[in-house]
Amino acid sequence: MKETRVRYAPSPTGDPHVGNIRSAIFNWLFARNQKGKFILRIEDTDQARMVDDGIQKQKDALNWMGLNWDEVYIQSERIEIYTKYAEKLIDEDKAYRCFATQQELDDLRNKQKAAGKITRYDGRYRNYDLDLSQKRSKEDPFVIRFKSPQEGITKCYDEIRGEITFNNKELDDFIIMKSDGFPTYHFANVVDDHLMNISHVMRAEEWLPSLPKHVNIYKSLDWEMPLFVHLPMILASDKTKLSKRHGATSIQEFINEGYIKPAMFNFLVLLGWALDDKTEQFTIEELINVFNIKKISKSPAIFNKQKLDWFNGKYIRELKSDEIAKELDLFFKNSINIKNYNIIKKYNFVDIANMIKERSKTLKDSLMLSEFIYNIPSFKSKEEVYAMCDDIDQCSYILKSTIDCLNKIDDFNIETVQFELKNLMEELNLKPKNLLGTLRIVITNQKISPPVFDCISILGKKESVNRISSALDFI
RNA sequence: GGCCCCAUCGUCUAAUGGUUAGGACACCACCCUUUCAAGGUGGGGAUACGGAUUCGAAUUCCGUUGGGGUCACCA
């Protein structure tokens, strides 16, 4: 049995898109399931689209997802290899130099368009004299084109779709080497997949139309073909390709919005793949064990952010508090100003995690829920303070009693605070709204907050009493 | 437009040719409740359409319709 070797082959042109990362996840899971190799190949053959830290961004995204690679290659370092095979194809009359200028091709295309014909290269250098071509290549810029078959059909095979046939009349002599000496995707991809012994090419469905190009290159080089697995597209809710205008599309954006890795991983793997009719939450180890190419679906999947939110909330709830605490620390550091971060850092992130766990879909939600820690309440009117009381006198009485009550507590924690305040509520015959509602106002001044008991115990006795006292002074 | 792919609740999906077509998100109602959540219980909601094959079709075949992808010296 041949070793399973798969690859993730991004071009480093910006922040990695979730669709690409989903492909990476499928490849990685399959490699790990088969005890094979997961290879990272940087496809940086387009000089114009290069981005400075593009390669690092790809690696960062994989690292964040926990997708470790076994080998890494960079195509721009392999130019001689592609050149060698391109020249071999010329020698064997399977490819040829084309000296048509950009202007010439534009004119051709415009003419075809005007005549209502499909636009394609007309093969004008297909039969150009080889000696002449050789000579002219020394002074004129040129590209190398592949001699596609003109008749018959090209049979392709996709592992989840079966046989797909293309009429060779539809194929044109596409470019394999650009005039700057770099290969095009179609060529570099085939050469590398062969040289790197790739067993399964798992990539997005948008590559399906160019499959015959790749198949014909394999044939002309007399190379054995890998298995092709085309992954269903990920679409936006309007059923078009997921793009910028739909909101977040890159992994980095989702991280910034407070999504955590296990949720992202779990959600993404379920876009185009399912194990059975009931299991939908998986650990990564479980996924490695059960991942199976045959269960990849054919139809495109719509990116359903509500389900992502649900997964994220579920994972936040289920993860251990100290794990969430770590995420929170990092997230707060990156999201709020340094002054507030320094204030919140004095408190225990594990306590904060426990406080926000039940009510956060994303880490961003916990930002809002924790604002009261560094935003000390201030009031414009007395009415604001006693809004939850029958009248202002009841309010000051409640505040006074609460201060006494809290001051009596020696072991100040959430259980004791809850116990004593409930006692107080009973003793004074207060409605929950009166006592707890009022305390929410003077402690947090937020419409929405974690439970009052949590807030008070997080802030501690001193700070809580301070806040209540200043509210009492105010009214 | 040519070519290619695809088609089960609004969404993600499950269903060796035989199930009251299952689950999850979302939605609605009720319960719980100091706000917000979470949780619990229940509910509505799908095989695009038309033929053919078959005792029997979501499932196989053909067509229609719809959606998507692709047609660069980008990947």
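Every chain is numbered from 1, with letters handed out A, B, ... down the list of sequences. The basis for the numbers below is simple: all heavy atoms, side chains too, and nothing from hydrogens, waters or symmetry mates.
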Completion exercise
note: L369(A), atom CG; rC36(B), atom P; distance rounded to Å ~ 13 Å

Pairs under 3.5 Å (N/O, protein and nucleotides 26-35 of chain B):
unit_1, atom_1, unit_2, atom_2, d
rU34(B), O2, R440(A), NH1, 3.0
rU34(B), O2, R440(A), NH2, 2.6
rU35(B), O2', K447(A), O, 3.2
rU35(B), N1, R440(A), NH2, 3.4
rU35(B), O2, S449(A), N, 3.0
rU35(B), O2, S449(A), O, 3.0
rU35(B), N3, R440(A), NH2, 3.1
rU35(B), N3, S449(A), O, 2.7
rU35(B), O4, P451(A), N, 3.2

Handout entry: Separation of the P atoms in rC27(B) and rG2(B), to the nearest angstrom
Key = 42 Å

Handout entry: Those residues that, when tested against F372(A), pass ring-ring contact (aromatic ring centres under 6.0 Å, His included) (two or more places apart)
Key = none

Practice task
Check every strand shown and say whether L211(A) touches a base, only sugar-phosphate, or nothing at a heavy-atom separation below 4.0 Å.
Solution key: nothing

Completion exercise
To the nearest angstrom, the NZ-P distance between K113(A) and rC71(B) comes to 13 Å

Problem - Nearest-angstrom distance, P atom, rG50(B) to rG40(B) - result: 41 Å

Exercise for the section: Just say parallel, tilted or perpendicular for the rings of F30(A) and H200(A), cut-offs at 30° and 60°. Expected result: perpendicular

Exercise for the section: Quickly work out the F282(A) CZ to rU13(B) C1' distance and round it to whole Å. Expected result: 11 Å

Handout entry: Salt-bridge present (R78(A), D192(A); N to O < 4.0 Å)
Key = yes

Exercise for the section: Please state the P separation for the pair rU35(B) and rU41(B) - nearest whole angstrom. Expected result: 22 Å

Exercise for the section: Say whether, by atom type as modelled, one donor and one acceptor occur between the side chain of R41(A) and the main chain of Q75(A) under 3.5 angstrom. Expected result: no

Handout entry: Parallel, tilted or perpendicular: ring planes of Y128(A) versus F99(A), cut at 30 and 60 degrees
Key = tilted

Completion exercise
In whole angstroms, the gap separating P of rG69(B) from CG of L242(A) amounts to 11 Å

Handout entry: P atoms of rA15(B) and rG51(B), separation to the nearest Å
Key = 28 Å

Problem - Separation of atom CG in N312(A) from atom C1' in rA38(B), rounded to whole Å - result: 15 Å

Problem - Note: R467(A)-E463(A) ion pair, threshold 4.0 Å (strictly below) - result: yes

Practice task
Quick one: look up who rG10(B) pairs with, Watson-Crick or G-U, both distances under 3.5 Å, and put none if it's unpaired.
Solution key: rC25(B)

Practice task
For nucleotides rA14(B) and rC74(B), find the distance between their C1' atoms and express it as a whole number of Å.
Solution key: 39 Å

Handout entry: Side-chain ion pair, E318(A) and K357(A), N-O less than 4.0 Å
Key = no

Give me, pair by pair, the N or O atoms of the protein and of nucleotides 72-75 of chain B that are less than 3.5 Å apart, along with how far apart they are.
unit_1, atom_1, unit_2, atom_2, d
rC73(B), O2, S179(A), N, 2.8
rC73(B), O2, S179(A), OG, 2.8
rC73(B), N3, S179(A), OG, 3.0
rC73(B), N4, A100(A), O, 3.4
rC74(B), OP2, K178(A), NZ, 3.1
rC74(B), O2', D46(A), OD2, 3.0
rC74(B), O2', R49(A), NE, 3.2
rC74(B), O2', R49(A), NH2, 3.2
rA75(B), OP1, T45(A), OG1, 2.9
rA75(B), OP1, K178(A), NZ, 2.5
rA75(B), OP2, Y185(A), N, 3.2
rA75(B), O3', E43(A), OE1, 3.1
rA75(B), O2', S11(A), OG, 3.3

Exercise for the section: Would you classify G272(A) as touching base, sugar-phosphate or nothing, given that sugar-phosphate means primed atoms plus P, OP1 and OP2, and contacts are heavy atoms under 4.0 Å? Expected result: sugar-phosphate

Exercise for the section: Using a heavy-atom cut-off of under 4.0 Å over every strand shown, decide if K241(A) touches base, sugar-phosphate, or nothing. Expected result: sugar-phosphate

Completion exercise
Answer for the Watson-Crick or wobble partner of rG56(B), both distances under 3.5 Å, is none

Exercise for the section: Sort out the partner of rG2(B) for me: Watson-Crick or G-U wobble, both distances under 3.5 Å, none otherwise. Expected result: rU70(B)

Exercise for the section: With C1' as the reference atom in both, quote the distance from rA75(B) to rU59(B) in angstrom, rounded to an integer. Expected result: 37 Å

Exercise for the section: Taking atom C1' in both rA7(B) and rG63(B), compute the distance separating them and give it to the nearest angstrom. Expected result: 15 Å

Practice task
Answer with base, sugar-phosphate or nothing: what part of the nucleic acid does S297(A) contact at a heavy-atom distance below 4.0 Å?
Solution key: sugar-phosphate

Exercise for the section: On RNA chain B, check which nucleotide each of L271(A) and M233(A) is closest to and give me the residue with the more 5' one. Expected result: L271(A)

Exercise for the section: Decide side-chain contact (heavy atoms from CB on, under 4.5 Å) for I144(A) and Y96(A); before the verdict, give the C-alpha distance in whole Å, the side-chain angles of both, and the deciding distance to 0.1 Å. Expected result: CA-CA 5 Å; I144(A) 301 176; Y96(A) 59 92; over 6 Å; no

Problem - rU54(B) to rU70(B) separation - P atoms, rounded to the nearest Å - result: 42 Å

Exercise for the section: Look at the rings of H214(A) and W207(A) and say which category their plane angle falls in: under 30° parallel, 30 to 60° tilted, over 60° perpendicular. Expected result: tilted

Measure all distances between protein nitrogen or oxygen atoms and nitrogen or oxygen atoms of nucleotides 2-5 of chain B, and list the pairs falling under 3.5 Å.
unit_1, atom_1, unit_2, atom_2, d
rG2(B), O2', E170(A), OE1, 3.4
rC5(B), O2', R161(A), NH1, 3.2
rC5(B), O2', E205(A), OE2, 3.0

Completion exercise
Under a 3.5 Å limit on both distances, the Watson-Crick or wobble mate of rU47(B) is none

Practice task
Measure the distance from CD1 on I296(A) to C1' on rC6(B) and round it to the nearest whole Å.
Solution key: 15 Å

Exercise for the section: Give the rounded distance in Å between these two atoms: CE of M355(A) and C1' of rC36(B). Expected result: 12 Å

Handout entry: Pairwise side-chain hydrogen bond (donor to acceptor under 3.5 Å, both in side chains) hits with a residue in residues 104-121 of chain A, at least two apart
Key = Q103(A)-D107(A), E104(A)-R124(A)

Practice task
Before accepting this row, confirm whether a basic side-chain N of the pair K298(A)/E205(A) lies closer than 4.0 Å to the acidic partner's carboxylate O.
Solution key: no

List, one per line, each side-chain donor-acceptor pair under 3.5 Å for residues 420-435 of chain A, sequence neighbours excluded.
unit_1, atom_1, unit_2, atom_2, d
N434(A), OD1, K431(A), N, 3.3
N434(A), ND2, M388(A), O, 3.0

Exercise for the section: Find the distance N292(A):CG to rA14(B):P and express it as a whole number of Å. Expected result: 12 Å

Handout entry: Geometric class of the H186(A)/F174(A) ring pair [parallel <30°, tilted 30-60°, perpendicular >60°]
Key = perpendicular

